[in-house]
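First listed ligand is number 1; within each ligand, the first listed atom is number 1.
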Amino acid sequence: MTRAVIQGAAVATVDARGTEYAEGHVVVDGGRITAVGAGAAPVGPGDRVVDGRGCLATPGLVNTHHHLYQWATRGYAQQSDLFHWLVELYPVWAGLDEDTTRAAATAGLLRLARTGCTTAADHHYVFPAAGGDLLGATVDAAGAVGIRLHAARGSMDRGVSSGGLPPDSLVETTDGALAATQAAIERWHDPAPDAFTRVAVAPCSPFSVSAELMSGAAELARAAGVRLHTHLAETVGEEVQCLAEYGCTPVEYAERTGWIGPDVWLAHGVHLSDRAIEVLAAGGTGVAHCPTSNARLGAGTARVADLLAAGVAVGLGADGAASNEDGGLGPELRQAAYQARLRDGADALDVRQALWLGTMGGALCLGRQDELGSLEPGKLADVALWRLDGLAHAGIADPVAALVLGSLPPLRLLLAGGRTVVEDDVATRVDEHGAARALAAAGTRLAVAAGLLGPSGGSALRHIR
Ligand SMILES: [Zn+2]
């Protein structure tokens, strides 16, 4: 792998001191960062020199929550809250197979990469009996696009007949889900520091998973030395149901089932009491904040400023594209800043805190703070180089403000492990137009299978108003 030298860029390292350079360099070699500093770096024969003038270098963004398969089911249930949205989408997701999942995951990962993301956690919890190897299809897609994947092997064992939300046809048995999760760890989890593929244990949510599966999953993950992920405290409806069924709040339920600890990160954490925030902070448990999805579903506004003040690691998540049709991670920087300010005032979250959420905060959630999340010698060479000299950003003196508060800038370059994933705002490893065509075909197949579209593809989707 060629040594690469980025010269003349503004650099926001996101290190513990918040070091920044108005004009500096980033050098990567052999998949790692070897130098970061002010001014120009020495260049040797054979080096790839990247002109970074007019650009800002940041760590590659870390996405802490997603459902890549949902990229093929965007635009549904446009006015629905979470529970109604899920009930409308379950029958469509029932048609997932390897081809549709691969097409959706490829497109979703391409969108993430094009918005600065170099590490993505994907929470896949829908496994139709005849669907085939859906996790394998997602792992393949990440390998093709070239960014890191944390495949959170999801599960549901609580269908309608057991008081759960999903149809019985979409749930696994408790033992079957645990066995499949164990198999996924054995097949794909790479504990090496420079891993491109890791696996986490990720039952879906309290309203689709039994307490036995929650507890069993926690035991399995700790025996295997992998991390734990689930949805928690996303909506008021979830809290009402949790209180009615278990006599406790979602965070108390997490405590009871072994789901508070430094190896756990939870998606959403919107509806949290002061005590719940204390529990998460004391347990070292992270939160994947998904502001656009929370807005799309009217779920509420997370207490991000309070979580950060308490010392909770908060990362950003695009969440599934069925509740965030944009699907990009870069735009969540601004969404996070805006929502924190709508909730707590204009000084609630500054632009550097927003960038921290998307980088170091995410690395902490995934347990990779020693490898990812900042530009420092020895860390993995995951670098985003944002172009700030165009019409949309020129003249904004603070480059981090331009990135967070302006429209998302084009990418001059995106490196993952030192390898080019995006160059001059085009993905370099997968043809974007071919991926878009495959995605459209996958979306049509799912709609036809769900009876929402005629075989000719001609009739309008019934549910779109
Ligand atoms: Zn989610």
Side-chain angles (χ1 to χ4, degrees), residues 62-74 76-77 80-90 92-93 96 101 104-105 108-109 111-112 117 120-127 134-135 138 149-156 158 164-166 170 200-209 214 217 227-239 250 254 259 264-272 285-302 314-329 331-332 335-336 339 362 365-366:
V62 178
N63 186 26
T64 55
H65 186 67
H66 208 97
H67 313 285
L68 288 166
Y69 70 87
Q70 290 182 12
W71 196 269
T73 60
R74 290 184 292 162
Y76 287 77
S80 300
D81 65 11
L82 175 67
F83 284 2
H84 292 95
W85 175 89
L86 281 167
V87 167
E88 187 163 333
L89 279 157
Y90 284 137
V92 186
W93 297 338
L96 283 175
T101 302
L109 289 158
R111 175 63 184 158
L112 287 173
C117 174
D122 180 52
H123 188 182
H124 192 112
Y125 56 84
V126 178
F127 292 94
L134 304 190
L135 215 60
T138 305
L149 177 72
H150 281 233
R153 204 293 180 183
S155 50
M156 303 189 291
R158 199 171 163 223
L165 202 60
L170 269 193
V201 176
C204 183
S205 64
F207 48 84
S208 59
V209 172
M214 291 297 288
R227 297 180 77 76
L228 283 156
H229 182 52
T230 191
H231 295 97
L232 204 84
E234 180 175 357
T235 65
V236 171
E238 176 192 331
E239 177 154 327
W259 276 75
V264 180
W265 87 104
L266 304 168
H268 300 298
V270 173
H271 299 280
L272 299 173
T285 299
V287 170
H289 175 41
C290 306
T292 295
S293 171
N294 295 157
R296 160 74 151 89
L297 297 175
T301 309
V314 180
L316 292 181
D319 205 354
S323 63
N324 172 7
E325 274 74 2
D326 181 283
L329 189 56
E332 298 301 298
Q335 277 290 349
Q339 289 196 21
C365 283
L366 301 185

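Put simply, the side chain of W259 reaches to within 4.5 Å of the side chain of T230, judged on heavy atoms. Annotation: side chain of E238 is in contact with side chain of L232 (closest heavy-atom distance under 4.5 Å).
A perpendicular orientation is assigned to the rings of H65 and H229, their planes being inclined by more than 60° (bins at 30° and 60°).
Defined by atom type and a distance below 3.5 Å, a donor-acceptor pair is missing between the side-chain atoms of D319 and H66.
Less than 6.0 angstrom separates the ring centroid of Y125 from the ring centroid of H67.
Residues forming a ring-ring contact (aromatic ring centres under 6.0 Å, His included) with H150 (at least two apart in sequence, or on another chain): none.
Listed by chain and number, the protein N, O or S atoms at a distance under 2.8 Å from the Zn ion (ligand 1) are H65 NE2, H67 NE2, H231 NE2, D319 OD1.
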